[in-house]
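Here the structure comes first, spelled out in structure tokens, and everything after it is commentary.
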Amino acid sequence: MRPHHRLAILVPFLLLAILGEAGAQEVRAMLLPDREATLTSDGPLLLDRVEVDLGDRFSADQVLVRFDCSLREARLTATSGVHKGALARLASKQRLVKLGAVGALEVELATADAQKTEGELAEARNAVNHCVLKAPFAGRVAKRHANAHEVVAADRPLLSIVSDGPLRLTTIVPSSWLPRLKAGDRFTIRVDETGHSYRASVAAVSGRVDPASQSVEILGRIEGAEDLLPGMSGTAIFPGATAAR
């Protein structure tokens, strides 16, 4: 979720806190994955198999999606043959120039041709390497956008994934809190979906204050919260509100 979208969601709750009891220490907060990504194809390609489904866990570098790449593999084979031929011609020209049978220009042209086919071979290999999509990190599937046997266009979303580890949280607090907020400060978050409270700490304070709401975004880290999921929300309680779980 983009920062300005999070701000639009959290500001109404912030205003309630500001308009409430003076010196209020509670503000609304939202949980975020530490890392997230949407995997896409560099198609158009025929989707052969999607190895994971909604909610499935996976490890880093695990294959998540496989494409039918028979055409790309055929091109790689053909390009490899062309490159071998170019190298053979270059070797022949190099031998002949030593015998005075050809000029240096012919060697230079053969060298250029070999370099060109080497680049084409590298491009073909890279295309084949994209025939499978591997997980960039360990995590879970948040959303599945495509199914096997579909032809997927370039940049079409296939899977949305989130990291399977400690969550972050984002909250918007009054900018008047800045003098007493710093990275490492501890607080508590009471999560609506679980009904429990968890220990958290300030990870970072935004470098910009929103002038309209006189507020600033805070990023936090939650400790020992394996039962929580990205997208959950709750109340961030700064020093002294309730005991942590």
Side-chain angles (χ1 to χ4, degrees), residues 1-2 5 32-165 229-231:
M1 183 179 294
R2 295 178 180 176
H5 290 166
L32 305 171
D34 189 49
R35 301 175 67 184
E36 57 185 321
T38 298
L39 304 184
T40 62
S41 81
D42 66 344
L45 288 170
L46 176 63
L47 190 55
D48 186 24
R49 291 198 306 277
V50 181
E51 303 285 3
V52 290
D53 210 338
L54 184 69
D56 285 352
R57 281 189 164 87
F58 51 82
S59 57
D61 293 324
Q62 179 179 331
V63 174
L64 304 181
V65 177
R66 297 181 186 273
F67 298 102
D68 180 350
C69 277
S70 53
L71 180 58
R72 290 188 177 189
E73 290 166 354
R75 286 176 177 168
L76 175 59
T77 300
T79 305
S80 178
V82 171
H83 181 57
K84 288 179 180 178
L87 291 178
R89 285 190 294 274
L90 175 59
S92 176
K93 297 294 184 182
Q94 288 172 335
R95 288 193 299 269
L96 290 173
V97 77
K98 291 179 180 179
L99 298 174
V102 298
L105 177 60
E106 291 193 41
V107 175
E108 290 180 8
L109 292 174
T111 300
D113 187 46
Q115 291 173 341
K116 177 185 176 183
T117 59
E118 184 177 358
E120 292 170 347
L121 180 59
E123 184 178 355
R125 284 173 176 161
N126 185 61
V128 169
N129 288 339
H130 289 169
C131 289
V132 296
L133 292 182
K134 295 183 178 181
F137 48 77
R140 298 180 69 179
V141 178
K143 189 171 183 179
R144 177 170 168 168
H145 303 277
N147 299 302
H149 313 303
E150 295 179 358
V151 175
V152 292
D155 297 327
R156 175 182 167 181
L158 303 174
L159 291 172
S160 294
I161 60 175
V162 295
S163 58
D164 192 14
L229 293 174

Do you know which two heavy atoms are closest between [X] and [Y], and how far apart they sit?
X	Y	value
Ser59	Ala135	O-CB, 3.5 Å
Arg156	Ala146	NH2-CB, 3.7 Å
Ser41	Ala153	OG-O, 3.0 Å

Task: From CA spacing to verdict: side chain to side chain contact (heavy atoms under 4.5 Å, CB included), Phe67, Leu46 - done: CA-CA 6 Å; Phe67 298 102; Leu46 176 63; over 6 Å; no

- [ ] Spell out, as yes or no, whether a donor-acceptor pair under 3.5 Å connects the side chain of Asp68 to the backbone of Ser70.
- [x] yes

Open item on the list: Between Thr117 and Thr79 (side chain of the first, backbone of the second, donor and acceptor by atom type, cut-off under 3.5 Å), is there such a pair?
Closed with: no

Open item on the list: Set out, in order, the CA-CA distance, both residues' side-chain angles and the distance that settles side chain to side chain contact (heavy atoms under 4.5 Å, CB included) for His145 and Ser160, then state yes or no.
Closed with: CA-CA 8 Å; His145 303 277; Ser160 294; 2.8 Å; yes

With heavy-atom distances below 4.5 Å as the criterion, would you say the side chains of [X] and [Y] are in contact?
X	Y	answer
His83	Glu120	no
Asp164	Phe58	no
Cys69	Val128	no
Arg72	Leu45	yes

Contacts under 3.5 angstrom, residues 87-99 side chains, donor-acceptor by atom type, not counting sequence neighbours:
| unit_1 | atom_1 | unit_2 | atom_2 | d |
| --- | --- | --- | --- | --- |
| Arg89 | NH2 | Asp113 | OD2 | 3.2 |
| Lys93 | NZ | Glu106 | OE1 | 2.8 |

Task: Contact list for residues 131-147, test salt bridge (Lys or Arg N to Asp or Glu O under 4.0 Å), sequence neighbours left out - done: Asp53-Arg144

TODO: Check each of Ile161, Leu159, Val63 against Val52 using the side chain to side chain contact (heavy atoms under 4.5 Å, CB included) test, and report the only one that passes.
DONE: Leu159

TODO: Using side chain to side chain contact (heavy atoms under 4.5 Å, CB included) as the criterion, point out the one residue from Val50, Thr38, Val152, Asn147 that pairs with Leu158.
DONE: Val152

Open item on the list: If I take atom CD from residue Glu123 and atom CZ from residue Arg75, how far apart are they, to the nearest 0.5 angstrom?
Closed with: 10.0 Å

